[in-house]
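In what follows, every heavy atom counts, from backbone to side chain, and hydrogens, waters and symmetry copies are set aside. Small disclaimer: the values here were computed from a predicted structure and weren't measured.
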Amino acid sequence: MSKSGGVVARHVLGWAVGAYALMFAWVAGAFLAEVTRTRPAAEAVAVGLVALAVTGAAQMVWWRGVWAGQRSARSPWPMLAVQAVVALAPLSVLPEEWLYVPGLLVASGLLVLHAPLNWWVAGGTATGLAALVAISPVDNRLGAPRMLLVLAAGLLVHGLVWCATALTRIDSEHRYEMDLAVLRERERMAHDLHDLLSARLSEVSVRGEVALSRIAEGDVDAARAEVDTVLAAARAAQEEMRASVWGRWSLSYKDELRAAERLLGAEGIRVRVAGRLSALPAEVERALALTLREGAANVLRHSPDCRNFTVLQVADAASVRLEMRNDRAGSGGKVPGSGVDSLRARAAALGGELTVMRDAEAGTYTLIVIIPFPDDAHPQDALCGSL
């Protein structure tokens with residue numbers, strides 16, 4: 001599903017880009033046809049052409065972000081403000097030829113803003129433009145139908161973009177959940193393998209010490225029996241290890257942070273990272289990476305309306321602290337399940353602690369993990385940033 005979902009989303013997004021390009025080309029062609037018919041002043045035509053060029057350039061910037069897989073974290077209002085100016089200003093010099101072109105502004109509002117704000121802005125803009133058409137002193141028999149066609153085309157493009165982004169989001173969530181499930185299974189297998197070999201290795205150690213004591217006592221037969229037991233335990237441990245599905249794997253905290261930024265960015269969630277960590281001990285880095293992955297996945301599962309996700313990271317001479325906070329928490333009606341319990345157990349195994357705080361008034365959910373550095377580590381190498 002993940003591979004096919006991404007391909008389908010790409011095709012749908014390609015249709016959306018093509019539909020918008022055709023809509024823009026049709027509007028530009030209709031404008032040129034009108035100015036050819038009415039022959040306004042050259043300066044007025046230049047104003048209209050510049051306004052069309054600015055509108056097209058602004059939309060190209062937005063389309064580039066969508067094609068890359070995520071919306072820009074920058075505010076869309078400056079771009080919409082520029083488009084509003086260039087969409088309405090030419091009416092002063094091209095009252096008849098330009099009357100239907102502002103319909104592109106409605107399409108831009110639908111595409112750039114998040115629901116339901118985009119519908120309010122688009123509806124308000126469409127109502128204002130309809131009133132402008134109604135009170136305009138020029139002949140509106142051509143302008144009004146053409147503007148309505150632009151609005152209909154904008155709705156079509158918006159539907160295609162929504163479909164493509166929904167497919168991309170589902171595909172990303174599916175991939176992320178699969179990776180998370182694999183990591184959980186590997187973690188479980190690592191614990192199982194430890195438990196599996198621990199008893200065997202303890203037996204080898206104890207029996208080996210007994211064999212040495214028998215040799216020191218001069219009891220060759222008893223020593224030989226103990227050595228045979230040691231060999232049998234070692235062979236059994238080897239066979240059990242081969243029978244276990246084992247993979248050598250490691251996790252990079254920086255890679256997990258980049259992956260979380262990409263995933264949440266595709267959902268329209270702004271990710272803010274404060275502080276910087278590096279040169280962490282392997283077991284500490286693995287715990288932090290898994291905690292970050294679980295925290296990002298919990299945002300998607302339990303806070304679908306989240307729009308801001310903050311990662312605070314800091315290390316001192318004794319420990320490292322990772323704090324993740326998201327807004328609009330728990331709007332999906334669910335509460336975190338066993339994943340947080342697993343993270344808490346993993347932190348406790350390293351001598352750390354994990355706490356969860358929910359602020360119902362502010363609508364925030366915060367997950368904090370603090371893990372001390374091992375005694376043989378050099379924590380000063382991790383002090384590359386602070387809050």
For [X] and [Y], which heavy atoms make the closest approach, and how far apart are they?
| X | Y | value |
| --- | --- | --- |
| D305 | R328 | O-CD, 2.8 Å |
| S252 | E285 | CA-OE2, 3.5 Å |
| D316 | S319 | OD1-N, 2.7 Å |
| T364 | A329 | C-CB, 3.8 Å |
| A296 | A260 | CB-CB, 4.0 Å |
| A51 | P90 | CB-CG, 3.7 Å |

Pairwise distance [atom1]([X]) to [atom2]([Y]) - rounded to 0.5 angstrom:
| X | Y | atom1 | atom2 | result |
| --- | --- | --- | --- | --- |
| Q313 | L322 | CD | CG | 7.0 Å |
| R286 | T291 | CZ | OG1 | 11.5 Å |
| R276 | L257 | CZ | CG | 12.5 Å |
| K254 | L292 | NZ | CG | 14.0 Å |
| R307 | L264 | CZ | CG | 11.0 Å |
| E256 | L288 | CD | CG | 11.0 Å |

Quick check: do [X] and [Y] have side-chain heavy atoms less than 4.5 Å from each other?
| X | Y | result |
| --- | --- | --- |
| L32 | L49 | yes |
| L94 | V47 | no |
| Y176 | R293 | yes |
| M178 | R175 | no |
| L367 | E294 | no |
| V356 | R344 | yes |
| E261 | V311 | no |
| L343 | V369 | no |

With the 4.5 Å side-chain cut-off for hydrophobic clustering, are [X] and [Y] part of the same group?
| X | Y | answer |
| --- | --- | --- |
| V273 | Y253 | yes |
| V35 | V93 | yes |
| L350 | I370 | no |

Point to revise | Polar side-chain atom of N308 near backbone of D327 as donor-acceptor pair, under 3.5 Å | key: no
Point to revise | R258: side-chain hydrogen bond (donor to acceptor under 3.5 Å, both in side chains) partners, not counting sequence neighbours | key: D255
Review point. Is R37 paired with E34 through a side-chain N to carboxylate O contact shorter than 4.0 Å?
Key: yes
Exercise for review: Please say which of H302, R358, M357 ends up in a side chain to side chain contact (heavy atoms under 4.5 Å, CB included) with Y365.
Suggested key: R358
Check your understanding: Do M324 and N298 pass the side-chain contact (heavy atoms from CB on, under 4.5 Å) test, and can you show the C-alpha distance, the side-chain angles, and the key distance before you say yes or no?
Key -> CA-CA 11 Å; M324 291 173 285; N298 277 339; over 6 Å; no
Review point. Step by step, would you call R325 with L312 a side-chain contact (heavy atoms from CB on, under 4.5 Å)?
Key: CA-CA 8 Å; R325 181 185 302 117; L312 308 177; 4.2 Å; yes
